[in-house]
J.: 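Here it is, the structure, as structure tokens.
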Amino acid sequence: MKDLELRRKYFEMFERNELPFLECKRCGFRFYYPRIICPRCKSSDIELKVSSGLGKIFAMTRIHKKDGNIITYGIVELSEGFRMYSNIIEDENKKADINESVKVVFIEINKMKYPAFKVI
Amino acid sequence: MIVGFAGRIFKKYEKDGIDLLKETIDEALDMAGLGYKDVDGILANIGRGSFHNNKSYFNPADQISEYLGIRPKYIDHIQYGGPSALTMIYRAYKAIRANEAETILCIQGGKISHLRDSSNVKSDLVDTPFDDFIKVYDQMLPISDYAMVAYRHSKLFGTTDQQRALIAVMQRYNAMNNEKAIFRDPIIVEDVLSSRIVSEPLHLLEIVYPVDGFHVFIVSKKTSKSKLRSIDILAYGEAHWPEPPAEWDDIIYTPTVESSKRASFNLEKVDAFELYDSFTITVMLQMEDIGMVEKGKVGKFVESNDLTYKGNIPINTGGGSLNTGQPAYMSGGVILEEALLQLNDMAKGHQVKDANVIFLNGLGWWSRRHAVTLVLGERK
């Protein structure tokens with residue numbers, strides 16, 4: 001697969017509410033940030049897959065913006081084992097914290113769909 | 001071979017960045033007893049938007065040479081953020097020993113105060129190949145990334161806000177007697193904890209303030225007119241973990257683990273430490289990663305040691321960039337200048353007694369992906 005093709009497929013999957021990830025067919029390493037080479041074993045035999053969208057919060061912070069808004073941002077570890085940065089949506093009853101379970105949702109940013117995560 | 005140095009920092013410098021750069025070079029050359037005609041090598045790392053009213057030099061060492069009328073034999077670009085200044089010293093020593101040049105200017109900084117208003121930030125440069133998948137989110141890099149590390153460090157090890165605040169308090173104590181610091185009023189832990197939370201758990205007083213400023217260091221064979229001590233590089237190591245930290249084994253480690261191992265220097269022999277201080281947590285991560293204290297135990301360590309310039313383990317003896325401000329979003333020049341002031345007994349009001357060996361460590365980029373360890377002292 002070519003880089004631009006891979007990136008385009010990511011955005012097409014976002015539009016279908018699917019969370020993509022890549023799996024190296026040689027060493028089995030799973031990763032999110034799209035590239036045409038496995039960052040571990042350097043194989044270019046890579047398969048594009050769809051994640052269950054279920055995971056846990058690995059790291060997080062709440063950003064207190066000057067306008068008073070509070071934004072939750074973090075690193076989510078998906079059940080397939082890969083990690084990604086994302087915004088996290090929490091509410092009074094479902095507060096975010098490290099190790100809390102989350103589920104992917106798709107939000108609109110600059111008129112495009114992107115994955116974010118909701119505390120479940 | 002470091003024969004001269006200078007650092008000039010302003011909250012908001014009124015003239016152009018090139019004016020400030022020239023003033024800083026003039027001051028460093030003056031200390032070295034050298035002139036522009038002696039310069040035959042140049043290394044530079046410049047913040048975006050620094051020159052001619054928010055322009056960025058694509059190839060800064062080259063364009064600075066063009067502006068100043070220098071024809072270098074040796075030119076290089078080391079542009080991985082804050083710790084680049086430490087790397088420049090190492091590369092300059094190597095180049096001079098290899099007879100590639102005799103007098104090398106090492107420059108870091110910029111004029112960026114106009115970028116504190118984010119509407120002035122314009123750039124088609126990307127920070128990672130995955131900006132489209134990282135920077136689209138609502139975040140506040142680099143603060144939010146370091147805040148996540150602080151949050152996770154607390155969750156895993158019980159590190160407290162008070163313990164992090166102690167770093168800010170001890171550094172401020174050091175800054176109180178540093179004429180280069182812009183923040184010099186005494187503070188206590190309560191002041192840090194009652195300052196605004198910017199990104200949980202980090203408070204405003206745990207975060208550097210971006211300022212205009214340049215640092216210039218001159219490495220030269222021509223030592224006869226310099227009054228500085230003959231300083232050598234006692235140890236050096238660098239390490240780069242370029243992947244997004246989400247893909248690292250854990251974000252509580254930094255590449256300092258590897259850079260310090262490469263430098264492999266006995267910490268018992270160190271008189272003071274100058275550790276990159278973009279945030280309180282940054283200092284604490286490096287204390288662990290250089291092996292001063294075991295991973296996870298830095299909180300208690302901070303409580304039970306005196307880290308001031310008068311203390312048993314002096315760290316950031318001039319108050320660090322938390323108190324001088326961070327020139328062009330890079331603290332490397334600040335910690336390097338302070339190391340040289342200490343080694344030359346020039347740290348008026350905050351001098352560590354018998355400072356003969358200084359251990360420096362820098363971290364670069366919002367993701368902490370670049371680490372440089374540098375130990376300076378006289379080779380016996």
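Every chain is numbered from 1 and lettered A, B, ... according to where its sequence line falls, protein lines coming before strand lines.
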J.: By a 4.5 Å heavy-atom criterion (distance strictly below it), what part of A/I98 contacts chain B: side chain, backbone, both, or neither?
T.: both
J.: Of the backbone (N, CA, C, O) and the side chain (C-beta and beyond), which part of B/V198 lies under 4.5 Å from a heavy atom of chain A, both, or neither?
T.: backbone
J.: Can you list everything that forms a side chain to side chain donor-acceptor pair (under 3.5 Å) with B/S56? Sequence neighbours excluded, please.
T.: none
J.: Considering only heavy atoms, which portion of A/F29 lies under 4.5 Å from any heavy atom of chain B: side chain, backbone, both, or neither?
T.: neither
J.: Looking at residues at least two apart in the chain, or sitting in another chain, which of them share a salt bridge (charged side-chain N to carboxylate O under 4.0 Å, His left out) with B/K295?
T.: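 Result, salt bridge (charged side-chain N to carboxylate O under 4.0 Å, His left out) vs B/K295: B/E288, B/D289.
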J.: For the interface with chain B, which of A/A59, A/P39, A/A116 has the highest count of heavy-atom pairs at distances below 4.5 Å?
T.: A/A59
J.: Distance-only criterion, 3.5 Å: which donor-acceptor pairs connect chain B and chain A?
T.:
from: B/P129; atom 1: O; to: A/R7; atom 2: NH1; distance (Å): 3.2
from: B/P129; atom 1: O; to: A/R7; atom 2: NH2; distance (Å): 2.7
from: B/Y137; atom 1: OH; to: A/P115; atom 2: O; distance (Å): 2.5
from: B/D138; atom 1: N; to: A/N87; atom 2: OD1; distance (Å): 2.9
from: B/D138; atom 1: O; to: A/N87; atom 2: ND2; distance (Å): 2.8
from: B/D138; atom 1: OD1; to: A/K65; atom 2: NZ; distance (Å): 2.5
from: B/D145; atom 1: OD1; to: A/Y85; atom 2: OH; distance (Å): 3.0
from: B/Y151; atom 1: OH; to: A/D97; atom 2: OD1; distance (Å): 2.9
from: B/R152; atom 1: NH1; to: A/F58; atom 2: O; distance (Å): 2.9
from: B/K155; atom 1: NZ; to: A/D97; atom 2: OD2; distance (Å): 3.0
from: B/V198; atom 1: O; to: A/H64; atom 2: N; distance (Å): 2.9
from: B/S199; atom 1: OG; to: A/T61; atom 2: OG1; distance (Å): 2.8
from: B/E200; atom 1: N; to: A/T61; atom 2: OG1; distance (Å): 3.1
from: B/E200; atom 1: N; to: A/R62; atom 2: O; distance (Å): 2.8
from: B/E200; atom 1: O; to: A/T61; atom 2: OG1; distance (Å): 2.6
from: B/E200; atom 1: OE1; to: A/R62; atom 2: NH1; distance (Å): 2.9
from: B/E200; atom 1: OE2; to: A/H64; atom 2: NE2; distance (Å): 2.8
from: B/A246; atom 1: O; to: A/R83; atom 2: NH1; distance (Å): 3.2
from: B/E247; atom 1: OE1; to: A/R35; atom 2: NH1; distance (Å): 3.3
from: B/E247; atom 1: OE1; to: A/R35; atom 2: NH2; distance (Å): 2.7
from: B/E247; atom 1: OE2; to: A/R35; atom 2: NH1; distance (Å): 2.9
from: B/W248; atom 1: O; to: A/R83; atom 2: NH1; distance (Å): 2.6
from: B/D249; atom 1: O; to: A/R83; atom 2: NH2; distance (Å): 3.2

J.: Can you name the residues that form a side chain to side chain donor-acceptor pair (under 3.5 Å) with B/S259, not counting sequence neighbours?
T.: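 By the side chain to side chain donor-acceptor pair (under 3.5 Å) rule, B/S259 matches B/T373.
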